[in-house]
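Worksheet: one structure, shown below.
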Protein chains: 2
Amino acid sequence: MATTTRVTRQRQAVTDLLAEHDGFLSAQQLHAALRASGHSVGLATVYRNLALLVDSGELDTLVRDDGETLYRRCGRAHHHHLVCRRCGHTVEISGPTVEAWADRVAGEHGFTDVRHSLELFGLCADCGSGTVVNVGS
Amino acid sequence: MATTTRVTRQRQAVTDLLAEHDGFLSAQQLHAALRASGHSVGLATVYRNLALLVDSGELDTLVRDDGETLYRRCGRAHHHHLVCRRCGHTVEISGPTVEAWADRVAGEHGFTDVRHSLELFGLCADCGSGTVVNVGS
DNA sequence: GTCATTGCAAACGCTTTGCATCTGT
DNA sequence: ACAGATGCAAAGCGTTTGCAATGAC
């Protein structure tokens, strides 16, 4: 009765890649990476498996400004990220205070089951100082 | 030479509606609202004007989980939001600590020109307690 | 053999763009 | 009249879905 979950080659590939990778990955990036490493997986399958993993709480998601969704292996501990908006370099950071604050504020307004998304976007040391590159408008 | 900005009926309508409205609005909602109130404005025009307003710093944007972009009249002071993921009810909150914390952490990692996005998503009092509705999986 | 899973391609929803027309200034 | 602004419809992009084929159990 409980829909059994089958371990297919494709599902394994998706899970494996996510297990190795530490930062954020978009579905399309993941798909491309899989193909590059020889696995033949359909894009739809990647999306379907990502959705399953998100549902089961194994993945965290983050929607970028342009609307693309990024996925990362869910940390046991809740982390936040400091992302360089030029080179994509990502640093994991922990904000002990944030969690408590979020809960308190949410509670004050009667909100429940609150999740928060906190991401910092900036220019990392390499991109921000020396080598100044045209970043566009 | 500086590209002159013309005050058209449509642009005025968009700006006006945003001026009256306090919360977040998607481009499509805004478009629908304009039509409902008798103004005839093209969807593309709404998007174009929103883009201009965002560029000129008069609007803040927030990308929802489903990828739709929400716009709000830009607050002078930087606010964060507590958004009900069922009914969309939004509460403005200020996180005095967050700003300082963000700057410090970013600095420690050599990041500069850092912006942060912090949003809380939960269920508001109305949606979370009494009237329990099927929310899906 | 069954039924979850896959692949492909078509469908979707939001957003952007090309181009002819319109309209502030 | 000039140049920005508009409207429409088509194109773009990430994502989802229908359906027949495939493969795990």
Side-chain angles (χ1 to χ4, degrees), chain A residues 1-18 24-56 58-72 88 136-137, chain B residues 1-18 24-56 58-72 83 85 88 136-137:
Chain A
M1 47 137 281
T3 34
T4 51
T5 296
R6 292 176 183 174
V7 183
T8 63
R9 176 175 54 77
Q10 296 89 330
R11 179 161 300 166
Q12 193 65 52
V14 170
T15 321
D16 284 355
L17 203 163
L18 282 166
F24 279 102
L25 232 47
S26 72
Q28 317 254 356
Q29 289 177 320
L30 205 155
H31 179 236
L34 286 175
R35 296 233 146 160
S37 59
H39 299 82
S40 160
V41 185
L43 182 54
T45 299
V46 170
Y47 277 107
R48 282 191 274 236
N49 279 311
L50 284 174
L52 283 179
L53 291 167
V54 170
D55 272 1
S56 69
E58 296 177 54
L59 289 185
D60 249 10
T61 63
L62 162 60
V63 181
R64 222 173 23 192
D65 276 19
D66 69 353
E68 200 170 1
T69 303
L70 304 181
Y71 305 80
R72 75 166 147 147
S137 85
Chain B
M1 53 136 291
T3 34
T4 53
T5 295
R6 293 176 180 173
V7 183
T8 62
R9 175 175 54 76
Q10 296 88 331
R11 180 160 300 167
Q12 193 66 54
V14 170
T15 322
D16 285 354
L17 203 163
L18 283 166
F24 278 102
L25 233 47
S26 72
Q28 316 256 355
Q29 289 176 320
L30 205 155
H31 179 237
L34 287 176
R35 296 233 146 159
S37 58
H39 298 83
S40 160
V41 185
L43 182 53
T45 300
V46 171
Y47 277 107
R48 283 190 274 238
N49 279 312
L50 285 174
L52 285 178
L53 291 167
V54 170
D55 273 359
S56 69
E58 295 176 55
L59 288 185
D60 248 11
T61 63
L62 161 61
V63 182
R64 219 172 28 189
D65 275 20
D66 69 354
E68 200 170 0
T69 302
L70 305 181
Y71 305 80
R72 71 157 156 155
V83 185
R85 65 167 152 270
S137 86

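Here the structure is a predicted model, which is why all the values come from computation and not from measurement.
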Candidates D/dC8, C/dG7, D/dG7 - which lies nearest the side chain of B/R35: D/dC8
Distance in Å, A/T15 OG1 paired with A/Q10 CD, rounded so as to fall on 0.5 Å steps: 11.0 Å
Could you go through nucleotides 11-16 of chain D and list every protein N or O atom that sits under 3.5 Å from one of its N or O atoms, giving the distance for each pair?
residue: D/dT15; atom: OP1; partner: A/T69; partner atom: N; Å: 2.9
residue: D/dT15; atom: OP1; partner: A/T69; partner atom: OG1; Å: 3.4
residue: D/dT15; atom: OP2; partner: A/Y47; partner atom: OH; Å: 2.2
residue: D/dT15; atom: O5'; partner: A/Y47; partner atom: OH; Å: 3.1

Selected nucleotide, minimal atom distance to A/V7 side chain, candidates D/dC25, C/dT23, D/dG7: D/dC25
Rounded distance in Å - CG (A/L53) to P (C/dT5): 12 Å
Main-chain N/O of A/R6 paired to A/R11 side chain as donor or acceptor, under 3.5 Å: yes
Value in whole Å for how far the P atom of C/dT6 lies from NE2 of A/H39: 13 Å
Donor-acceptor contact below 3.5 Å, side chain B/H31 vs main chain B/V41: yes
B/D60 side, atom CG; B/R72 side, atom CZ - distance, nearest 0.5 Å: 4.0 Å
Test applied, side-chain contact (heavy atoms from CB on, under 4.5 Å); reference residue, B/L50; option that passes from B/L18, B/T69, B/T61: B/L18
Shortest side-chain distance from A/T8, nucleotide among C/dC3, D/dG4, C/dT6: C/dT6
Distance, rounded to the nearest Å, where B/N49 contributes CG and D/dG4 contributes P: 15 Å
Per B/T45 side chain, nearest of listed nucleotides D/dC2, C/dA4, D/dG7: D/dG7
A/R6 CZ - D/dA24 P separation (whole Å): 9 Å
Nearest-Å distance for atom pair CZ/P, residues B/R9 and D/dT6: 9 Å
Rounded distance (nearest 0.5 Å) linking atom CG of B/L70 with atom CG of B/L59: 12.0 Å
Integer-rounded Å distance: C/dT15 P and B/D55 CG: 16 Å
Residue-phosphate contact under 4.0 Å: A/Q10 side-chain N/O, C/dG7 OP1/OP2: yes
Atom-pair distance (CG on B/L50; C1' on C/dC14), nearest Å: 13 Å
Minimum-distance nucleotide (side-chain atoms of A/R11 versus D/dA5, C/dT5, D/dG7): C/dT5
Sugar-phosphate, base or nothing in reach of B/R48, heavy atoms under 4.0 Å: base
Rounded distance in Å - CG (B/L34) to P (D/dG7): 10 Å
Pair A/S26-A/Q28, side-chain donor/acceptor within less than 3.5 Å: no
